[in-house]
Amino acid sequence: MAVPEHWITLKMIELRSVISRPVFNAGCGSVLNENGKVEMDAAIMDGRDLTAGAVAAVNNIANPVQLARLVMTESEHVMLISDGAMHFAEHCGIKPAPEKYFYTPDRVAQLEEARRRHKIMLDHDDADEDSEDQKYGTIGAIARDQQGNLAAATSTGGIVNKRMGRIGDSPIVGAGLYADNETCAVSATGYGEEFMRSVISKTISDFIYMKGMNAEEATKAGIEYLTRKVKGRGGVIVIDKDGNCASGLTTKKMIHGWIEQGGKAVVRF
Ligand code: ASP
C-alpha cells in the first residue's frame, strides 16, 4: 500500500510548528565563511538521463536548489557559480533576497567560536549528543518514483569559517550527489574536501553497477572506502533502483529518515 500523501503533509506541518528558528545549514540559516558572508552550494540530478544542474558560491538566493534545477532545465550547462549564477537567476526572474534574510544569531555566534579556535568546521561538529537543540546539517533528498526513476538533490551553506570562494562537494556530481536509474540515488554530507577526493556518491553507485550490491551493501562498502582512503568525516543517504533505502556515517550523528513504499517511516538522529 502506498503511503498516503496527507500523512506526509501532516508530518511536515507538525515539524514546522516545532521549529521556531532555522535549524538547517542551507538557504536561510546557512553557515558563514571567514568574512562573515553566506556562500551557498546546491545541485540536483535526474537519474533517467544523468542530467544535472548546480550552483556554487551563491548569495542572495533564498532557495539555491531551485536555481540549480533551472540550470538543469533551462541552460545548456551543468554548473554556474557566483556572479554568473546570480546573473542567470535574474534572467530566470528570481528576485534576490536581502543579505539579512540569511543571517541567524546562531550562525554569527558559531563563526565567532570557530574564529576564536582557528578552526574550519562542520556546522554540527560541536553538537552535544543529547541536545535536542543541535539538529543542524546540510539538506539532502533522494527519491524513487513508482516507475523506478531516481533523483537526488543536495543544498548547503558549506562549512563554518571556510575561505571565501571555497566550493564543497555538495554541487559536484559524483561527490555530493549522484542519481542513475540503473543503480541508485545518493546525497552526502560532511567535510566536502574528503567527499570530492573519494568521489563518494559515484563510488557507491559503482559498487551497485559493478558488484551487483544493494543499497545497504553499497553504503557499507562506500563508508569503508571513505574511511580507509581519506578518513572521511560525514555520511550518506542512499536509495537503490529497487527502492531499498540505506544510510551510513562516520560522524556521531546525521539526522535522516525515509519512507519505503508500504513501510513505516524511519527516522534516525
Ligand atoms: N559537505 C558540505 C561542504 O563541505 C558541508 C556539509 O555537508 O555539512 O560544503
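All ligand and atom numbering here is 1-based and tracks the order in the structure.
- Remark: K220 does not engage E217 in a salt bridge, criterion side-chain N to carboxylate O under 4.0 Å.
- Residues passing the salt bridge (charged side-chain N to carboxylate O under 4.0 Å, His left out) test with R166, sequence neighbours excluded: E193.
- Checking each of D169, T156, D123 against T138 for a side chain to side chain donor-acceptor pair (under 3.5 Å) leaves exactly one that passes, namely T156.
- With sequence neighbours excluded, no residue satisfies salt bridge (charged side-chain N to carboxylate O under 4.0 Å, His left out) with E90.
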Could you pull out every donor-acceptor pair under 3.5 Å between side chains of residues 45-59 and any protein atom, sequence neighbours left out?
residue	atom	partner	partner atom	Å
D46	OD1	R48	N	2.9
D46	OD1	R48	NE	3.2
D46	OD2	R48	NE	3.2
D46	OD2	R48	NH2	2.7
D49	OD1	T51	N	3.1
D49	OD1	T51	OG1	2.8

Write none if no such pair exists; otherwise list each N/O atom of ligand 1 with its protein N/O partner under 3.5 Å and the distance.
residue	atom	partner	partner atom	Å
ligand 1	1 (N)	D169	OD1	2.6
ligand 1	1 (N)	G190	O	2.7
ligand 1	4 (O)	R166	NH1	3.4
ligand 1	4 (O)	R166	NH2	2.8
ligand 1	4 (O)	D169	OD1	3.4
ligand 1	4 (O)	G190	O	3.3
ligand 1	4 (O)	G192	N	2.9
ligand 1	7 (O)	T138	OG1	2.9
ligand 1	7 (O)	T189	OG1	2.6
ligand 1	7 (O)	G190	N	2.9
ligand 1	8 (O)	T138	OG1	3.0
ligand 1	8 (O)	T189	OG1	3.4
ligand 1	9 (O)	R166	NH1	2.7

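- E182 and K241 are not joined by a salt bridge, as no carboxylate oxygen comes within less than 4.0 angstrom of a charged side-chain nitrogen.
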